[in-house]
Amino acid sequence: KGSVIQWDVYNIDPTSTLTPQLTSIANASVWGASGQPQASGSSFIGQAQQAGEASYQISFNVPQQGGAGITIRVDPSMTVQ
């Protein structure tokens, strides 16, 4: 509880020049009143302010050569003590 968290996404293909980009991190009860993750450059930074467990959604865009790319959403959960 009280920890500041930074989310980043990286391309693990060493031959690619395309860069994936975080687009949003959804609300979750563990963020508390003012811990909601916010964009900060290419990262998102937030704070776990409430004890408990909650799932949330992370969205990121994966560009494709010559196109707009695709949006991927993942639904991790977090336990805050």
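Just so you know, these numbers use all the heavy atoms, side chains as well, and skip hydrogens, waters and symmetry mates. The shown structure was predicted, so the numbers you read here are calculated from the model rather than taken from an experiment.
Not counting sequence neighbours, the partners of Ala39 by the side-chain contact (heavy atoms from CB on, under 4.5 Å) test are Phe44. With sequence neighbours excluded, the residues that form a side-chain hydrogen bond (donor to acceptor under 3.5 Å, both in side chains) with Asn11 are Ser16. Under the side-chain contact (heavy atoms from CB on, under 4.5 Å) criterion, Asn27 pairs with Gln36, not counting sequence neighbours. Listed by chain and residue number, nothing satisfies the side-chain hydrogen bond (donor to acceptor under 3.5 Å, both in side chains) test with Thr71 (two or more places apart in sequence, or in another chain). In this structure Thr15 satisfies the side-chain hydrogen bond (donor to acceptor under 3.5 Å, both in side chains) test together with Asp13, sequence neighbours excluded. For Ser34, the side-chain hydrogen bond (donor to acceptor under 3.5 Å, both in side chains) partners two or more places apart in sequence, or in a different chain, are Gln49.
The line from CD1 of Ile5 to CD1 of Ile25 is 9.0 Å long, rounded to the nearest 0.5 Å. Rounded to the nearest 0.5 Å, atoms CD (Gln6) and CD (Gln47) are 14.0 Å apart. Rounded to the nearest 0.5 Å, atoms OG (Ser59) and CG (Leu22) are 9.0 Å apart. Distance check: Gln21 CD to Asp8 CG gives 11.5 Å after rounding to the nearest 0.5 Å.
In the hydrophobic clustering of ILVMFWY residues, with side-chain heavy atoms under 4.5 Å counting as a link, Tyr10 and Ile58 come out apart.
Nearest heavy atoms, Gly46 versus Trp7: N-CZ3, 3.7 Å. The minimum heavy-atom distance linking Val30 with Ala54 is given by the pair CG1-CB, 4.0 Å.
Other residues sharing the hydrophobic cluster of Val4, ordered by chain and number and joined by side-chain separations under 4.5 Å: Ile45.
With no hydrogens or angles considered, no side-chain donor-acceptor pair links Ser29 and Gln50 at under 3.5 Å.
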Show me the side-chain donor-acceptor pairs of residues 72-81 shorter than 3.5 Å, one per line, residues at least two apart or across chains.
{"unit_1": "Asp75", "atom_1": "OD1", "unit_2": "Gln57", "atom_2": "NE2", "d": "3.2"}

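Residue pairs meeting the ring-ring contact (aromatic ring centres under 6.0 Å, His included) criterion with at least one member in residues 55-78, sequence neighbours excluded: Trp31-Tyr56.
For CD1 of Ile12, the number of neighbouring non-hydrogen atoms (other residues, nucleotides, ligands) closer than 6.0 Å is 12 at most.
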